[in-house]
Amino acid sequence: MTSLKRSAEGDTFGPNISNKTYVRSTRSGKVQKIPFVLSEKPAGTKSFPQGHYLMPDTNALLNAMDLFEQSSSFYDVIILQTVLEELRNRSLPLYNRLLGLTKSEDKRFYVFFNDFRQETFVNRDPDETVNDRNDRAVRQALKWYGQHLAQTKAKNIPAVVMLSDDQENLRKAKAEGLHAASLRQYVETLEDSDRLLDMVADVQSSGGFRKPGQMLYPEHFTTSRMMTGVKAGLMHQGIFNVSPYNYLEGSIKVPAFPKALLVLGRENINRAVDGDLVVVEVLPQDQWKEPSTKIIEEEAITKNEGADAEESQDLVSEKERKALQEEVKKTHKVKSEGGPQPTAKVVGIIKRNWRQYVGHIDPSSASKGSTQGRRMDNVFLIPMDKKIPKIRLRTRQASELMGKRLLVAIDAWERDSRHPTGHFIRSLGELETKAAETEALLLEWDVQYRPFPKTVLDCLPSEGHGWKVPASTDDPGWRDREDLRNLLICSIDPPGCQDIDDALHARKLPNGNFEVGVHIADVSHFVKPANAMDTEASIRGTTVYLVDKRIDMLPPLLGTDLCSLKPYVERYAFSVLWELNDNADIVNVRFTKSVIASREAFSYEQAQLRIDDASQQDDLTNGMRMLLTLSKKLKQKRMDAGALSLSSPEVKVHTESETSGPIDVKTKALLDTNSLVEEFMLFANISVAAKIYEAFPQTAILRRHAAPPKTNFDELSNQLKVKRGLELRSDSSKAVADSLDECVDPKEPFFNTLVRIMATRCMMSAEYFCSGTQSYPEFRHYGLASEIYTHFTSPIRRYADLVAHRQLAAAINYEAVHPTVRSRGRLEAVCKNINVRHRNAQMAGRASIAYYVGQALKGQVAEEDAFVMKIFSNGFVVLVPRFGIEGLIRLRDLAEPEPDSEFDAENYTLKTTGSREVTVELFQKVRVRVHDEKDEMTGKRGVKMELISA
């Protein structure tokens, strides 16, 4: 075998520097011609008028990938194999973005396999770190490339410039007479430097020039010290969560304590940001406290702080100290049901959960002069997410960026800085414009919304919309498929639904039993494991539904056409067929790939009208009536087993078709047909779960819902007991279900729904998991009272269902098991990702509704009934059922000046005196005035509520 390391004599690369193609062999041994990537005449800069190629080290790419993606500069870039591999180990998302750049024809990023060339290969010295060896490899490649270009005898030989933010690497490169620059130095020489400089990470901008101020925060422990402490049980590890009502209070759930540990105050939070994986130490018991009953918002307390005066201040400002003092006094006075909770302090951070953040510049933080001219200015960015602290940015464009939605990244949070420092990435547009606000919420919830790349679209059937089920049943597409085109199948969905995943049928059998079929779109026929489309779907995880648009998991050709079980056309399906008796017990069940032809696509309302119309006696309508009767029996069985009927405030925003501007907001009405579809989908999911678990006991993809710890219900249970004399029993899901049924107020029908909404928030989240990672009793789905469950019925819009389809196909011997469906490691990674994506999709959907409700109310005032859900010492939260939204009413909103108040924590009552006298109690029905208001803190237009009467 010949070595891959070529010598200088046989330099086949030499002539190619200006040729348009070179060749490489593929894995299969074929030779491929590849157009040469770098330009012969690269662009010049002030420092390199003769033109230049860039060679970044890993550090530069880790800190500034956004810069490299700019269309105005950063062309003709040599990416070394050493750098590519190191980036892959350090950050997979950044590695994928870099791969995208190497495939872009106009950016001209060229991967140079420096470890496969003799002249550029570098051995690691005995005492050398991996990092130092990699830096040396970059300098060696830089040197060779420069000499190599010199051999071309061209008149103007372009310079090869190393970009690095590693001071030592830069020093050594310059000592060797090589071209090298830091990102900041290089960007300063570009035409567009003012704009681009804002995108250079702030860590580097200090470059050792900033004089360290006084240390404001305790030093973080080393990793080894933290690990030792956690092993010994002296420290605890967990995810840090910030309270949505008080930015100075965080909590962290750890196995050693039944209740979450509280982390109070800036010093104890010690630079942790919401979502970070941290290590904490529990404080002595005399410092334990109760959770805050006060609303403390960063904006109100830190308003008008200058971004320049950052380091000279005390860590805890006078206002913050006062706010927390009042809290502590209250804690010592009142002894409520819960009692003090253990408190802790953050001693170190294992893994930052930093992402890109959306926000806007706080106008009060910009110096007056910054609105003119191009001077460097320090400003604060206020994130849209109230749980994220203000971020300090250095910018020359403060005047242009005012009033815009901005995307930024956090670079660092040093001990001598009250706030984290970051850099600007790009502007999304003016605040409150639909495009900017929609993109902002997609970025905020990390929704992958870019158009599908060409590699994904290349996986679609070449016939496009002209694809049809083959006419001949001898065609390979018909292999092992049952022909169910004669069955009277229909679909029932929300109005206007295009991605129809499921259809149903029912008919009476000669023996008196019923045959019921659930037919699901056969997505796995079109999306093959491990191809580009499958990879993209596994990253997206789910389709995201916003008020005015859908961000699809799969290209719309599949989702809304070829896979969608539209009426009057033949479609491939995966069918679950049961024989059920009168009592809806299963006599037998089987699974098969099939071809169906749906007779009709109903909306829930149309189906309900048809079922209720006694004059309709056709077989299709009677089939729907059978389904309805059986579904009611299935539901009763679930309820008897202890399934929970929980609630969330759901509204539908009606929009104008032309402008898609909101015109009205209505609460969703639920019909019997909604329940009909839901029952059979649950039934199918449970049957499939049992089948794939039987076939793949270690790797079946399932969904579980853990029973909530008893302490989760403590507060709600105490509230119901104190305010209404009701008992909420939580020893089993059946006990919870039964006691929720009893939580009624004869005078107020909505009270029961309110309690169900509050109970839902005491629950754990359901999650996808791989069967080998849990013992069988842990598989249970608490909310559905089922001992095993999965998602099978929505493969167009959920990746979990697509995996379940592949596993079921293998379980019935329709096709061989693909390695990706059998690899437990890969499936665990898939579950982890889709759990996050599923939650983010829900949150993005809710954020979209909140935005549209704010828009629908623009310029209007509505008077509505509301219910008190939570009481603080300086305000309360109400839910308005008509709009399905919650709002915070603070004491300062009640009257001018702010009324005095007396807060009775034990009886959940807030009494005000002075400028306005009202008494507000938990669960109370109040009258509120609802209008739109722009939240000065987050820049979002939301809903403002004022109390009319209590």
Side-chain angles (χ1 to χ4, degrees), residues 13-20 22 35-61 63-84 87 98 101-102 104-114 117 119-120 135 137-167 169-197 199-200 204:
F13 185 59
N16 272 339
I17 198 71
S18 58
N19 280 6
K20 292 290 175 278
Y22 70 99
F36 198 73
V37 182
L38 298 176
S39 161
E40 276 178 78
K41 293 181 181 157
T45 65
K46 296 171 198 165
S47 312
F48 307 106
Q50 76 276 35
H52 69 300
Y53 299 124
L54 292 174
M55 188 181 283
D57 70 357
T58 315
N59 220 318
L61 292 165
N63 288 331
M65 187 63 79
D66 305 299
L67 272 174
F68 287 91
E69 290 171 333
Q70 289 299 301
S71 56
S72 61
S73 39
F74 290 88
Y75 286 81
D76 296 304
V77 181
I78 300 160
I79 301 294
L80 299 178
Q81 172 189 7
T82 305
V83 169
L84 194 63
L87 188 69
L98 183 58
L101 287 172
T102 63
S104 152
E105 287 174 21
D106 54 340
K107 285 293 280 180
R108 301 188 296 279
F109 275 51
Y110 161 62
V111 180
F112 176 52
F113 291 90
N114 59 310
R117 283 193 76 88
E119 306 85 347
T120 52
D135 287 348
V138 175
R139 295 194 302 275
Q140 176 63 26
L142 183 71
K143 186 172 168 182
W144 176 84
Y145 231 103
Q147 293 166 346
H148 174 68
L149 289 180
Q151 293 168 13
T152 60
K153 311 276 192 297
K155 244 197 329 224
N156 279 340
I157 295 171
V160 186
V161 185
M162 177 178 85
L163 290 183
S164 175
D165 276 330
D166 181 328
Q167 302 295 337
N169 199 11
L170 288 172
R171 189 187 63 72
K172 287 180 177 170
K174 286 175 181 165
E176 292 172 35
L178 302 169
H179 295 299
S182 71
L183 280 164
R184 184 162 287 276
Q185 289 163 345
Y186 174 70
V187 169
E188 278 166 351
T189 68
L190 300 176
E191 277 179 24
D192 199 8
S193 60
D194 275 355
R195 186 178 68 83
L196 296 174
L197 277 170
M199 300 173 70
V200 177
Q204 273 50 53

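- Exactly one residue among Lys41, Lys107, Arg108 makes a salt bridge (Lys or Arg N to Asp or Glu O under 4.0 Å) with Asp76. That residue is Arg108.
- Atom OG of Ser164 and atom CE of Met55 lie 12.5 Å apart (nearest 0.5 Å).
- Partners of Ser72 according to the side-chain contact (heavy atoms from CB on, under 4.5 Å) rule, which considers only residues two or more places apart in sequence or in another chain, are Gln70, Asp192, Arg195, Leu196.
- Note that CG of Leu84 and OG1 of Thr102 are 7.5 Å apart. Values are rounded to the nearest 0.5 Å.
- Between Leu183 and Ala64, the closest heavy-atom pair is CD1-CB, 3.6 Å.
- Ring centroid separation for the pair Tyr110 and Tyr53 does not come in under the 6.0 Å cut-off.
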Distance-only donor-acceptor hits, side chain of residues 169-178, under 3.5 Å, sequence neighbours excluded:
unit_1, atom_1, unit_2, atom_2, d
Asn169, OD1, Arg139, NH1, 2.7
Asn169, ND2, Asp57, OD2, 3.4
Arg171, NE, Glu168, OE1, 3.3
Arg171, NH2, Glu168, OE2, 2.7
Glu176, OE2, Arg139, NE, 3.2

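- Scanning for side chain to side chain donor-acceptor pair (under 3.5 Å) contacts around Ser182 gives Gln185, with sequence neighbours left out.
- When all heavy atoms of Ser193 and Val187 are compared, the pair lying nearest together is CB-O, 3.1 Å.
- To the nearest 0.5 angstrom, Asp106 atom CG is 5.5 Å from Tyr75 atom OH.
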| request: Apply side chain to side chain contact (heavy atoms under 4.5 Å, CB included) to the pair Trp144 and Arg117, showing each step before the final yes or no. | output: CA-CA 11 Å; Trp144 176 84; Arg117 283 193 76 88; 3.8 Å; yes

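- In this structure, Asp66 CG and Met199 CE are separated by 5.0 Å, a value rounded to the nearest 0.5 Å.
- A search for side chain to side chain donor-acceptor pair (under 3.5 Å) contacts involving Asn156 returns nothing, not counting sequence neighbours.
- The ring-ring contact (aromatic ring centres under 6.0 Å, His included) test applied to Tyr186 returns His52, Phe74, not counting sequence neighbours.
- In this view, Thr58 and Glu86 satisfy the side chain to side chain donor-acceptor pair (under 3.5 Å) rule, not counting sequence neighbours.
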| task | Mind running side chain to side chain contact (heavy atoms under 4.5 Å, CB included) on Phe68 and Ile79 for me, showing each step along the way? | result | CA-CA 12 Å; Phe68 287 91; Ile79 301 294; over 6 Å; no

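- Ala137 approaches Leu80 most closely through the heavy-atom pair O-CD1, 4.5 Å.
- Atom CD of residue Glu119 and atom CG of residue Asn114 lie 11.5 Å apart, to the nearest 0.5 angstrom.
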| request: Begin with the C-alpha distance, continue with both residues' side-chain angles, and end with the deciding distance and a verdict on side chain to side chain contact (heavy atoms under 4.5 Å, CB included) for Val160 and His179. | output: CA-CA 7 Å; Val160 186; His179 295 299; 5.9 Å; no

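- For CD of Glu191, the number of neighbouring non-hydrogen atoms (other residues, nucleotides, ligands) closer than 6.0 Å is 12 at most.
- Counting all heavy atoms, side chain and backbone alike, Val138 lies closest to Val83 at CG2-CG2, 3.9 Å.
- Listed by chain and residue number, nothing satisfies the salt bridge (charged side-chain N to carboxylate O under 4.0 Å, His left out) test with Glu188 (two or more places apart in sequence, or in another chain).
- Taking CG from Leu163 and CG from Leu54, the interatomic distance works out to 5.0 Å, rounded to the nearest 0.5 Å.
- Residues passing the side chain to side chain donor-acceptor pair (under 3.5 Å) test with Asp135: none are found, sequence neighbours excluded.
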